[in-house]
Amino acid sequence: MNMSDSAFATEADVIVVGAGLAGLVATHELVKAGRKVHVLDQENRNNLGGQAFWSLGGLFMVDTPEQRRLGIKDSYDLALQDWLGSAGFDRDDEDFWGKQWAQAYVRFAATEKRDYLHELGLRITPVIGWAERGGSFADGHGNSVPRFHLTWGTGPEVVRVFAEPVLEGERKGLVGFSFRHRVDELIIEDGAAVGVRGSVLAETDLDRGKASSREVVGEFEFRAKAVIVTSGGIGHNHEMIRRNWPTERLGKCPETMISGVPAYVDGRMLAITESAGGALVNRDRMWHYTEGIKNWDSIWPDHGIRIIPGPSSLWFDANGTRLPAPCFPGFDTISTMKAILATGYDYSWFVLTQSIIEKEFALSGSEQNPDITGKDWKFTLKSRLAKGAPGPVEAFKQHGADFVVADNLRELVAGMNKIARGPQLDYDALEGQIVARDREVTNKYTKDSQLMAITNARQYLGDKVSRVAKPHRILDPAAGPLIAVRLNIITRKTLGGLQTNLDSQVMRQDGTAFPGLYAAGEVAGFGGGGVHGYNALEGTFLGGCIFSGRAAGKALAAKLG
């Protein structure tokens, strides 16, 4: 049903605010228990599944059959060591629940997660990615081993396996949807959440992801025994990002940011829930990427795409100085962000070869990976193994405003200087750094930390075969042409949020549980108000929505029983 069926709304056991992945998972668990669920969303039905639909579909899992087939030795203890070393929890009150969620989530990833998703019909590709490889120490930030399990079907498939049983619940009368219903207030009576009030927005048939009108055509009030907030984070709300930006920790907030998420990711429910008495913690923790490029074929305003790079591109700051370890492609997002912003500019450069782009460049987003999204093995093998870059990557190389292609370094630097937002690059200085690096390639051993990292990566079969180019001189004409990419800061995830206990029940500001009020997904910092701490290990965002949504649904199903 669209809009609201007043009879159903009166009978609902639970109201879910947000029809994204976390909301679908919570609804799925409630429907399995026979509960009636009323799902509200400010967008239309075309946007069912929310932000997750646009994702690459990566899932952090531990000690799986797929890892073992590739010779990857993983364990709960190693994964927890990596998680805690990355999170850096250091706030007694704000991190109290986040730490407990971290332990619970890593255990879920090492035990139940794969089977839970497999039973729903989700399958993963055989090659496991090695994302966010970290810094320099075993007990520090980063994944010690590959754990990025790519969904066969990417984000749309992750959405599908939960949307289908929820839509079946709708057909059976257990689920009602009210699309274009924007929640403006939580109804609190006798200290408990008992419903929501808000605005009915004008109907629209816009395609998924398009920015929609905020014209108000009516009001609503719905009540239930409990409310689950699953409204997402702040990724497209640049004003809120700037207000919460941790300047002392990361440096000055970028002047130019592009958006990795649709316009509806506005963070409104964070303030609404806080004003109702919910605890909002770690609001300065966020996860934005440094490898953003402007989408030449935009879907939403300021649409950015993230390059998911292999380790071989040379990374220079806006001044043309090579970034230091561990600021290599795919290694340490936060350290790299700090290094870039320390220059006083908000962009950086990749310099690479055609050989590198063909093997190492992947693009975030389901729409940028039509072969895997479409679950077409023949198309996938043809596009990934054929000579040349994958089609979507080649399209960006040809049409993207951030790309420069040239036959020699002098022409490349001239092209880079045409699109620089800051200083003009010095050809001699850039050439000197590249030549110095190239001299190191002739030996099997090196003092260049990035070349050491490349050698390490190629010890893993999955990287050697499909992800890491054979080391070669950047200025070798046989590997050309040369390519430069201007990299922008791209907004994406909220790591802080509404503080919740392990049942996904929102905590009050005095530390007690909020009766009738639950939160899951990004609005809850993917659990506890900050399960990731300061750093994310990748493949953990969809998984966080699944784990926290599942916890909320199961807890309420039992409580209402």
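Computed from a prediction, not measured in an experiment: that's the story for all the values here.
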Check your understanding: Once the angle between the rings of W101 and F547 is folded into 0 to 90°, is it parallel (under 30°), tilted (30 to 60°) or perpendicular (over 60°)?
Key -> perpendicular
Point to revise | Salt-bridge present (K294, D302; N to O < 4.0 Å) | key: no
Point to revise | Exam field: side chain T491 to backbone H288, donor-acceptor pair closer than 3.5 Å | key: no
Review point. Is the count of non-hydrogen atoms from other residues, nucleotides or ligands lying under 6.0 Å from Q398 atom CD greater than 12?
Key: yes
Review point. Any sub-3.5 Å donor-acceptor pair from S199's side-chain atoms to V216's backbone N or O?
Key: no
Review point. Hey, does F396 have a side-chain heavy atom less than 4.5 Å from the side chain of L363?
Key: yes
Check your understanding: Cation-pi between R492 and Y289: NZ/CZ under 6.0 Å from ring centre and within 45° of the ring axis?
Key -> no
Review point. Between F328 and F331, what is the ring plane arrangement, given parallel below 30°, perpendicular above 60°, and tilted in between?
Key: perpendicular
Review point. Is there a donor-acceptor pair under 3.5 Å between the side chain of T343 and the backbone N or O of Y345?
Key: yes
Exercise for review: Could you tell me if the ring centre of F60 sits under 6.0 Å from that of W83?
Suggested key: yes
Point to revise | Distance in Å, L280 CG paired with E94 CD, rounded so as to fall on 0.5 Å steps | key: 8.5 Å
Review point. Just by distance, do the side chain of T151 and the backbone of G57 share a donor-acceptor pair under 3.5 Å?
Key: yes
Practice item. Would you please test D82 and R147 for salt bridge (charged side-chain N to carboxylate O under 4.0 Å, His left out) and show each step? Key: CA-CA 11 Å; D82 287 347; R147 297 190 176 107; 2.8 Å; yes
**Study point:** More than 12 heavy atoms of other groups within 6.0 Å of Q509 CD
**Key:** yes
Check your understanding: Looking at residues at least two apart in the chain, or sitting in another chain, which of them share a side chain to side chain donor-acceptor pair (under 3.5 Å) with R160?
Key -> E157, E164
Practice item. Would you please test K36 and D13 for salt bridge (charged side-chain N to carboxylate O under 4.0 Å, His left out) and show each step? Key: CA-CA 5 Å; K36 287 193 172 183; D13 296 305; over 6 Å; no
**Study point:** Donor-acceptor under 3.5 Å (R208 side chain, N44 main chain)
**Key:** no
Review point. Would you find a donor on one side and an acceptor on the other, under 3.5 Å apart, between the side chain of R180 and the backbone of Q42?
Key: yes
Review point. Looking only at atom types and distance, does a side-chain atom of N501 sit under 3.5 Å from a main-chain N or O of Q505, one as donor and one as acceptor?
Key: yes
Review point. Is the shortest side-chain N to carboxylate O distance from R283 to E274 below 4.0 Å?
Key: yes
Exercise for review: For residues W315 and F350, establish whether the separation of their ring centroids is below 6.0 Å.
Suggested key: yes
Check your understanding: Looking only at heavy atoms, which two atoms of R486 and A401 are closest? And how far apart?
Key -> NH2-O, 3.9 Å
Study note, to complete from the structure: Residues at least two apart in sequence or cross-chain that pass side chain to side chain donor-acceptor pair (under 3.5 Å) with T512, listed by chain then number, are D510
**Study point:** Ring-face cation contact, Y534 with R285, 6.0 Å cut, 45° max
**Key:** yes
Check your understanding: Are H38 and F222 near enough that their ring centres are under 6.0 Å apart?
Key -> yes
Practice item. Report the relative orientation of the aromatic rings in F162 and H28; use parallel for angles under 30°, tilted for 30 to 60°, perpendicular for over 60°. Key: perpendicular
Practice item. May I ask you to say whether R242 pairs ionically with E255, meaning some side-chain N is under 4.0 Å from a carboxylate O? Key: no
Check your understanding: Strictly under 6.0 Å, is that where the ring centroids of Y264 and W300 end up?
Key -> no
**Study point:** F541 side chain near F526 side chain, heavy-atom distance below 4.5 Å
**Key:** yes
Exercise for review: Sequence neighbours left out, what passes side chain to side chain contact (heavy atoms under 4.5 Å, CB included) with D284? Give chain and number order.
Suggested key: R91, P246, R249
Review point. Going through the distances and angles, do D41 and R182 end up as a salt bridge (charged side-chain N to carboxylate O under 4.0 Å, His left out)?
Key: CA-CA 6 Å; D41 199 282; R182 184 186 69 195; over 6 Å; no
Check your understanding: Which atom names give the shortest non-hydrogen contact between M240 and D266, and what distance separates them?
Key -> CE-O, 4.1 Å
